Amino acid sequence: MTFAHAIAARLQAAGLKRGDIAGLFVDRSADMVAAMLGIAKAGAAYLPLDPGFPQDRLAFIVADAGAAVIVTDEALVEKATAFATPIVT
């Protein structure tokens, strides 16, 4: 199983459905690309969230888009908890 498939499986287990929006809150890396593919494999759309943006701005974007889940990595989990949205790592 590839990393993208594993992410898709975790997202589906977390309740993400086809047509939902998943916030992608990670730094640019190869893992970011795998997460984008995993979100697509789960049937959802991804919402890019730049960790360099102010927290208030990010919280507004997440709420306005109606993101069902936030995909992040261990380094950003603490910052991602500010969103009132489930987190998948």
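From a predicted model like this one, the values you see are computed outputs, not experimental measurements.
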- [ ] Among L24, V26, I7, find the one that has a side chain to side chain contact (heavy atoms under 4.5 Å, CB included) with M36.
- [x] L24
Open item on the list: Looking at every non-hydrogen atom in both residues, tell me the closest pair between A42 and L16 and how far apart they are.
Closed with: CB-CD2, 4.2 Å
Open item on the list: Quick check against the 3.5 Å criterion: does R10 have a side-chain atom that pairs as donor or acceptor with the backbone of V88?
Closed with: no
TODO: Quick one: which residue pairs count as a ring pair (Phe, Tyr, Trp, His ring centres under 6.0 Å) with a foot in residues 37-58, not counting sequence neighbours?
DONE: none
Residues 55-73, side-chain donor-acceptor partners within the protein, below 3.5 Å, at least two apart:
{"unit_1": "Q55", "atom_1": "NE2", "unit_2": "K79", "atom_2": "O", "d": "3.2"}
{"unit_1": "T72", "atom_1": "OG1", "unit_2": "F25", "atom_2": "O", "d": "2.7"}
{"unit_1": "D73", "atom_1": "OD1", "unit_2": "A75", "atom_2": "N", "d": "3.4"}
{"unit_1": "D73", "atom_1": "OD1", "unit_2": "L76", "atom_2": "N", "d": "3.3"}

